[in-house]
Amino acid sequence: MTTAETAQTSSDSLIRWSENISEPADITRNAVVRFAAVFLFFSLATLVIFLPNMAHLHSALIGPPEDNMQDFWNTWYAVLGRDPHHFFTTKLLRFPEGTSLVYQSFAYPQVFAVVALSRIFGSDLGTLIALQNLTLLASFPLAAVGSFYLVRHFVQSTFGGLVGGFVFAFNPSHIIHVMHHAHVSSIEFLPFFALAYLAAVERRSARYLIASALFCALSALSCWYYLFYCAYFMGFQLLYARVRDGRWPEGWPLAAPIICASLTILILSPLIVPMVLAASPSVYNPGGNIFVADLLGYIAFPPDHLLSGLSRGLYQTFAGNPWEATVYLGLVNLAVLGWQCRRTGLERHSLMFYVLFGMLAFALLASGETLHIFGFSTYLPLPDAGLDRLPFFANVRTPSRAIVFVYLFMSIGVGAAAAAIWQQHIKAKIAALALAAAIIVDFYPATLAATPVTCSPDLRVLAEDPQDNFGVLNFPWGYAEENSYMLEQVCHHRSIVDGMTTREMADTLLYRLSLKDLAKQREQLTASHVKYILLHPEQAGHYHWNKEIAPAAEFLKTYRTVYSGRDMTILRVY
């Protein structure tokens, strides 16, 4: 065999474990029926798992009061609040100057799905809340279907595909992020990207390569982190081929990632170019060595696990916050992978070598700039230490989110093990079903929070003011508080001086405002047409008064009170 023929054979066998590789996009009737059945199966699984939230579908957002309020503001803004001619600039936040939204955490496919559905079902508050919740939950069956087909691409087993689909779609990180971050939870396009890309490389298919670029673009539009993770996935395929074959790929396997990345950037250029032009030191928020996957986090029960009480102390030591630190792989899954490795071995051309190599590569990326154990940095440098110092790459400031690809590789390995058990005698099938049940229990969330949404009657003072073009200032300040003020804006529709944006894009009144000298502050607010101040009393552990701000009693002496209620006191500036 010639060198060229050997290279051809090596490229063709990038993934060698399928006996019969079928078309991923088969359009026959059986394929359509299978797709519908799998989607229905995982939709029912989603319904069962999130049943507590279904009772409040129209009145409460999924998750505790945090970034989910900002995500709902993003949806409301796209449906009702935007200026049709200037989507990416607004004065609704950071009044009077306004702010750019090019870096705002819009999960574009999800947001515009709500926009389209609101044209059919209406855009009243209750309907928007329901559409927000449903479109977020849709990521579960869609992600499960994608990973189902990805697993079947390797093992040709429906049962293995169902198990692998559940492992990827209902992983603890996905469940906890759907309660906090709409964009991070939008993982549904990633398995379709991976499947299309692998098929493109294996078949030397331009059609599949275009499909992979489209799915990569959709993933990036859901969460910009996924643009980088898709690129890392393509880079990993090159590295894996190098390790497997003993030399770097040539020809089509080498050209494919370059073409795919170029097509993706071309598709996204109308958004990426303004982001690059708007980039400044203020957009590079810290976090590259804070929001990381702790080594113990891979085996520590996450905060919403049935056995979370056993690991609560560990999560209190982890860097960052609990939802970003949630990278639990599942003790059952790890045991299954160990059994499968023992059964098949770890030769360079084996499926399990590919799976574990992929898991390790993305686990290293998820671990941040240095390895963390018990929340402490070991100062052992990891790949992210270099990536965080590159322009634009520095925007990927929450490394732990790379865990999504660890789950993707793991779903293949667990699905392959489940398929191997299922294909044996009848008693083995019972064992396979028991294994699937154990995986479900290990990933099943014990608690699911919700954020009730009601428009306080106190806000009618703002809504009924006949004047236009004035602003509102909220106190006290805080991360969750600013998100809650954005949720209030959905009710009163008035511009606010504050609000929580994903990145700081401009120097506005918020940063020049006098906080102690209220006489000067009043002059500033009057000159800027800020007509009202809303003082929120401490409640439910939120709205703690800031030490940097003059006491609330001083505000009551300086400004005229026009309303005092349970939820807020409204002061008139002029």
Side-chain angles (χ1 to χ4, degrees), residues 1-18 21 23-25 146 149-150 153-154 189-220 225-269 272 347-365 383-384 386-387 390-393 396 402 404-406 408-409 412:
M1 183 178 291
T2 66
T3 302
E5 289 172 335
T6 302
Q8 177 91 1
T9 302
S10 297
S11 298
D12 286 339
S13 60
L14 178 63
I15 307 299
R16 300 182 178 185
W17 310 283
S18 300
I21 298 177
E23 290 285 344
Y149 281 105
L150 179 62
H153 179 73
F154 293 101
F189 302 111
L190 293 176
F192 290 105
F193 154 75
L195 178 58
Y197 181 76
L198 291 175
V201 173
E202 293 166 12
R203 298 171 179 273
R204 290 171 167 72
S205 169
R207 179 164 58 99
Y208 284 127
L209 196 62
I210 292 172
S212 67
L214 289 173
F215 283 121
C216 182
L218 286 170
S219 297
Y225 283 51
Y226 298 155
L227 173 64
F228 297 90
Y229 297 162
C230 288
Y232 298 158
F233 176 83
M234 292 186 287
F236 167 78
Q237 300 303 320
L238 294 175
L239 177 61
Y240 167 73
R242 171 66 179 83
V243 172
R244 183 198 61 202
D245 299 329
R247 56 185 178 76
W248 290 104
E250 299 175 355
W252 175 256
L254 181 60
I258 300 173
I259 296 172
C260 183
S262 299
L263 285 175
T264 303
I265 296 298
L266 181 63
I267 295 169
L268 297 173
S269 57
I272 290 180
E347 295 181 358
R348 287 185 301 168
H349 291 86
S350 70
L351 174 59
M352 290 309 299
F353 179 83
Y354 174 76
V355 167
L356 294 183
F357 192 16
M359 290 177 64
L360 176 62
F362 279 92
L364 289 174
L365 290 171
D384 207 50
L387 295 172
L390 297 176
F392 205 58
F393 282 75
V396 186
V404 64
F405 269 93
V406 178
L408 190 66
F409 280 100
I412 299 169

Should [X] and [Y] count as side-chain neighbours, where that means a heavy-atom distance under 4.5 Å?
| X | Y | value |
| --- | --- | --- |
| W248 | L254 | no |
| L364 | L360 | yes |
| F215 | P191 | no |
| P257 | Q237 | no |
| L218 | F193 | no |

Item to complete: Let me see the working for Y354 and F409 under ring pair (Phe, Tyr, Trp, His ring centres under 6.0 Å), right down to the final yes or no.
Response: CA-CA 8 Å; Y354 174 76; F409 280 100; 5.4 Å; yes
Item to complete: Can you sort out the partners of L268 under side-chain contact (heavy atoms from CB on, under 4.5 Å), two or more places apart, ordered by chain and number?
Response: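 Listed in chain order: A217, A220, L221, W224, L227, T264, I272.
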Worksheet item: By side-chain contact (heavy atoms from CB on, under 4.5 Å), which residues pair with I259, not counting sequence neighbours?
Response: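 So I259 forms a side-chain contact (heavy atoms from CB on, under 4.5 Å) with L209, W252, A255, L263.
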Distance check, rounded to the nearest 0.5 Å: [X] atom [atom1] versus [Y] atom [atom2]?
| X | Y | atom1 | atom2 | value |
| --- | --- | --- | --- | --- |
| C230 | Y197 | SG | OH | 11.0 Å |
| L190 | L195 | CG | CG | 12.5 Å |
| L239 | F357 | CG | CZ | 4.0 Å |

Worksheet item: Does the side chain to side chain contact (heavy atoms under 4.5 Å, CB included) test come out yes or no for H349 and D245, once each step is laid out?
Response: CA-CA 9 Å; H349 291 86; D245 299 329; 4.0 Å; yes
Worksheet item: Under the side chain to side chain contact (heavy atoms under 4.5 Å, CB included) criterion, do L365 and Y229 qualify, and how do the steps go?
Response: CA-CA 9 Å; L365 290 171; Y229 297 162; 5.7 Å; no
Worksheet item: Is there a donor-acceptor contact under 3.5 Å from the side chain of R348 to the main chain of F353?
Response: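 Side chain of R348 to backbone of F353, a donor-acceptor pair under 3.5 Å: no, none is there.
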Closest non-hydrogen atom pair between [X] and [Y], with its separation:
| X | Y | value |
| --- | --- | --- |
| V201 | A256 | CG2-CB, 4.0 Å |
| F228 | V396 | CD1-CG2, 3.3 Å |
| F154 | I412 | CE1-CD1, 3.4 Å |
| F189 | S219 | CB-OG, 3.3 Å |
| A241 | P249 | CB-CG, 3.6 Å |
| L266 | S269 | O-OG, 2.8 Å |

Fill in: ring pair (Phe, Tyr, Trp, His ring centres under 6.0 Å) partner of F405, chosen from F236, F233, Y232
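Of F236, F233, Y232, ring pair (Phe, Tyr, Trp, His ring centres under 6.0 Å) with F405 is met by F233 alone.
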Worksheet item: Where do L150 and L198 land on the side chain to side chain contact (heavy atoms under 4.5 Å, CB included) test, with the steps shown first?
Response: CA-CA 9 Å; L150 179 62; L198 291 175; 4.2 Å; yes
Practice prompt. Kindly determine whether I210 and L214 satisfy side chain to side chain contact (heavy atoms under 4.5 Å, CB included), including the steps that lead there.
Written response: CA-CA 6 Å; I210 292 172; L214 289 173; 4.3 Å; yes
